[in-house]
K.L.:
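One structure, pasted below without further comment.
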Amino acid sequence: MSGFLSETFLAALFFGAVTAAIPLLLAGLGEQMSEKAGVLNIGIEGMMISGAYLGFVGAYYSESLWLGFLTGAVGGIAVAALMALLCVRIGLNQIVIGIALTLGLDGLTAILHHFQFSRSYPRLPAAEATVIPFLSDIPVLGPALFRHHLIVYLAVAMVVVMIWVYRRTQLGLSLQAAGDKPAALDVAGIDVIRTRTMAVLFTGGMAGLGGAYLANVGAGLFIPFITNGAGFLGIVLAMLARGRPAWVLIGALIFGVCLSMTTAAQVAGINIPTDLIQMLPFLAVMAMLVLFGRRASLPAALGIPYERGAR
Amino acid sequence: MSDKTVSSAESAVATPPGQPGRDIGRRLLITLGPVVVSLVLAGGVLLAVGVDPLAYYGLVVERGLLSPLGLQQTLTRMAPLLFIAAGLIVAFRAGMWNLGGDGQFLLGAVSAAASAPLLVQALPAWLAMLAAFLIATAVAMLWSLVPALLRAYQGVNEIITTLMMSFLGVSLANVLVKLVFLDPATTVPQTRTLPVADRLPRLFETTITSGLVYGLVAIIVVHLVMTRTAFGLKLRTVGANSRAAVHAGLNVPLLTVAVFAISAGLVGMGGAIDIIGIQGNVRADWNPAYGLAVIPVVFLARMNGLAAIGFVFLLSVLSIGGESAARRLGVPQHFTLVLISTVLITLAIAEYLDNRMNQARRA
C-alpha cells in the first residue's frame, strides 16, 4: 500500500478525475438548463452517445479534434431536436421518450460503428494539452489541473457563463419561469414552448460535447455503450445542484475522483477488481441521495408538458 | 391473440362509447400500427448499413416462430420475461418508475445460481429449487428497499435511484460471481452449475421449461390483483393521483414500499426462473438486459397483464429469431435496441394522435 499516497499516484488520480469530470460537468450543466425550463431530460444519455459517436467520426476523418467537438455537439443537438419535437411541441411523456432515445441511440451507434470499423477500434492521437505557465509547476496539483486540452478550461468557464445567464439576464428569468410557472411566462408574452425548446437544444449541445470529449480525449476511441451511465450521472448532478452551476462543477469533480480510481489504482499497482471500483461513482450517488435526498428538489412544473390555455 | 388482448385492454383505458366494431378496429390500429411502422423504420437502418431487411425479418420469423426448435426456445425465453413484465406492471400502474429491472434480475439470478447447486445436495430437487426461488425473490426485494424508502419518506425521484441501483446491482452481481460464488472446479469465471436433471421439469416431450407455466400464473395473478382487488385499486389510486390517495386515507409511504418490494420481487423471480429452468449457472459479465427490453412491451400492452402475454411472446420471437438472424447476417445484436426504441416512440405518437382524434370527435 506504500504506493497509495505517492506523488505519481495522486497526480494520476487528480488528472484522471478532471478528465472524467468534464463530460459529467457538460452533461450536468446542460441537464440543469432543461430541468430549470421544466423538461426532465432522461434522453441525455442518448444525446451523449450520439455526440460521442459523431464526435469520434468527425475527429477521425477530419483529423481535427475541434471539428470532432463540433460534430459531437451537432450529434447531441440532433437528438435533442427530436426530443424537443416529441416532448415539448407535441407533449409526449418525457420519461418514455427519454428512455426510448437512450436505448435507440445506444443500439444505433453500436451498429453504425460495427459496420464502419468492423471489429477494429481505431484510436485518435493523444489530445494536445494546453499547459498553463507557472500554475502547472505546482507539485501534484499543477500537472493534474493545468495540463489539459483547451476545451477543459472552456468547460469550466461555462460554469461562470451559466451563473451569469441565470442571475443577470432576461433569458435566465424566462428559463426559471418556464420551469416553475409556465402560465405566468405565457401571460408575460414570452413563448413557453420556444423557451423550453431552446433549453432542450442547449442540453443536447452540451451533452453531445460531453460525449465527444469522453470519446476523443478521455478514451481516444469510440466503443459501443461508451457513455455507460454518464448521462444519468449528469441528471443526478443537476438534481442535487438545484439550479446552481457551481455545485454541478463540485459534484462532477467528486464523481470524477471516483471514476478515475480505477486507472489510478492500476498505476499504483493496487489490485482491486475493476467491477468493485466501477461501483464507486454509483455508490457515491446513492450516498449523496440518502444524505441530501430531501433537498434535491425539482422545479414545480418539471415533467409536465405545457399546453397553452389548458388551465 | 390480438382480438382478445385488445378488448381486455379496453377495460383499462376509459374510451368514449361508440360502435364496438369500430372501437376494436381503432385499438387494433393504434396497437399494431406502431409495431409495423417501427419494423419499417428499423428496416431502414438495416438498409442503410447494407443488410436486406426482408431477409433479416424473414429469418427472425423462420427461426423464432416457424421452426419447431425455435418455437420451443421462444416459449422457453418467455418465462423470465413474463415475470419481469408482471413486476413492471405493478410498479407502473402504481405510478412508480422501477427502471432498476436489470440489477434486480441479475441479483435474483446470482442468488439462485449460488444457492440452488448447494441446496440440491441436501434437499430434494423440488424443495431446493423452491428455496433458491424464494432466496432470489427476497434478495431482489431487499435491493429495492433503498429506492423505495427514499421515494416514500424523502420524496427522492425513483427514476434516478432505481437506475443507479441497477448499475450497482449489475456490478455487484459480477463481483459476486467472480469473487464469492466462483465454481472452483472450472477455469471460466462462473457459479456452480445446477445439474440438468435437477432443473425445472420440461413440459411434455419438448424442451420448453415449466417456468413458462409459472410465468403465466404470475402475470395472470398480477393482472387479477391489479384489476379485481381492493389492494389493486389502492395501488392504482396512488398511481393516478398520490395526493388524492393521501386524502382518501391511504398510507401512501407504506404502499410505495410495498409496490417496490412486489415489483422487484417479481423481477428477481424472473432471474431465478431463468437460472433454475434454463441457464443452470451465471457466467461472469452475463447481462441479458431483459429489464429494459420489457419496458416497451408493458407500454404496448397498456399495462394490461393479459395483453402483455401476447407482446411478451412477440418480444420472445424477436429476441430468439433476432439472435439467430444476427449471427447469419452479421448484424450486431444491438439491432433489437433500435427496434425497441422505435416501437416506444411510434407507440407514444399513435396514442397522441388517437387522443387528438377523440377530442376532435367530441368537440
Side-chain angles (χ1 to χ4, degrees), chain A residues 40 42 45-46 82 86-87 90-93 95-116 118 224-225 228-229 232-233 235-236 239-240 273-286 288-290 292-298 302-303, chain B residues 42 45-46 48-51 97 99 146-147 149-151 153-157 159-161 163-179 284-285 289 292-293 295-296 299 330-349 351-353:
Chain A
L40 183 63
I42 300 278
E45 178 92 5
L82 191 59
L86 296 173
C87 295
I90 304 184
L92 300 180
N93 187 319
I95 297 168
V96 175
I97 299 298
I99 297 170
L101 288 178
T102 296
L103 291 181
L105 283 151
D106 269 345
L108 190 61
T109 50
I111 291 174
L112 290 177
H113 182 268
H114 175 87
F115 279 98
Q116 207 162 5
S118 190
F225 306 97
N228 190 26
F232 296 116
L233 290 177
I235 299 176
V236 176
M239 269 172 73
L240 289 170
T274 48
D275 292 288
L276 221 51
I277 301 171
Q278 269 166 12
M279 293 168 73
L280 269 176
F282 302 108
L283 271 177
V285 170
M286 288 312 294
M288 281 202 199
L289 285 173
V290 169
F292 308 111
R294 194 181 278 277
R295 281 190 268 158
S297 68
L298 296 166
L302 186 71
Chain B
V45 171
L46 288 179
V49 294
V51 173
W97 296 91
L99 300 185
V146 179
L149 291 175
L150 280 174
R151 154 98 195 219
Y153 296 102
Q154 302 272 322
V156 180
N157 192 314
I159 298 173
I160 297 305
T161 52
L163 268 171
M164 294 296 119
M165 292 301 279
S166 198
F167 282 110
L168 277 175
V170 171
S171 294
L172 181 62
N174 259 327
V175 171
L176 290 176
V177 170
K178 287 177 191 164
L179 296 184
D285 298 316
L292 287 174
I295 293 174
F299 280 110
V331 183
Q333 259 293 277
H334 313 305
F335 177 71
T336 333
L337 283 178
V338 178
L339 204 55
I340 284 171
S341 132
T342 46
V343 166
L344 272 176
I345 293 174
T346 49
L347 179 76
I349 294 174
E351 297 250 292
Y352 163 79
L353 292 177

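Lettering of chains follows the sequences in order, A, B, ..., and the numbering in each one begins at 1.
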K.L.:
Show the nearest heavy-atom pair for residues Val338(B) and Leu108(A), with the distance to one decimal.
P.N.:
CG2-N, 3.5 Å
K.L.:
Identify which part of Val343(B) has an atom lying under 4.5 Å from any heavy atom of chain A, answering side chain, backbone, both or neither.
P.N.:
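Contact with chain A involves no heavy atom of Val343(B) at all.
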K.L.:
Please state whether the side chain, the backbone, both or neither of Leu92(A) comes within less than 4.5 Å of a heavy atom of chain B.
P.N.:
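For Leu92(A), the contact with chain B is made by the side chain alone.
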K.L.:
Is Phe115(A) in contact with chain B via its backbone, its side chain, both, or neither, using a 4.5 Å heavy-atom distance?
P.N.:
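Interface part for Phe115(A): side chain.
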K.L.:
What's the shortest heavy-atom distance between Ile111(A) and His334(B), and which atoms?
P.N.:
CD1-C, 4.1 Å
K.L.:
Any side-chain heavy-atom pair from Ile159(B) and Phe232(A) closer than 4.5 angstrom?
P.N.:
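Sidechains of Phe232(A) and Ile159(B): no contact.
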K.L.:
Indicate yes or no: at least one non-hydrogen side-chain atom of Leu344(B) is less than 4.5 angstrom from one of Ile97(A).
P.N.:
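No - every pair of side-chain heavy atoms lies 4.5 Å or more apart.
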K.L.:
Does any backbone or side-chain atom of Val170(B) lie under 4.5 Å from a heavy atom of chain A? Answer side chain, backbone, both or neither.
P.N.:
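Nothing of Val170(B), per the 4.5 Å heavy-atom cut-off to chain A.
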K.L.:
For Leu105(A), which atoms come within 4.5 Å of any heavy atom of chain B: side chain, backbone, both, or neither?
P.N.:
neither
K.L.:
Select one option (side chain, backbone, both, neither) describing which atoms of Val285(A) are under 4.5 Å from chain B's heavy atoms.
P.N.:
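Side chain only.
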K.L.:
What's the shortest heavy-atom distance between Ala100(A) and Ile345(B), and which atoms?
P.N.:
CB-CG1, 3.7 Å
K.L.:
Please give me the minimum heavy-atom distance between Val290(A) and Leu150(B), naming the atom from each residue.
P.N.:
CA-CD2, 3.9 Å
K.L.:
With a 4.5 angstrom heavy-atom cut-off, could you sort out which part of Met286(A) is near chain B: side chain, backbone, both or neither?
P.N.:
side chain
K.L.:
Name the region of Leu86(A), side chain, backbone, both or neither, that has any atom closer than 4.5 Å to a heavy atom of chain B.
P.N.:
side chain
K.L.:
Counting only non-hydrogen atoms closer than 4.5 Å, does Ile42(A) touch chain B with its backbone (N, CA, C, O), its side chain (CB onward), both, or neither?
P.N.:
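It is the side chain, since no backbone atom gets that close.
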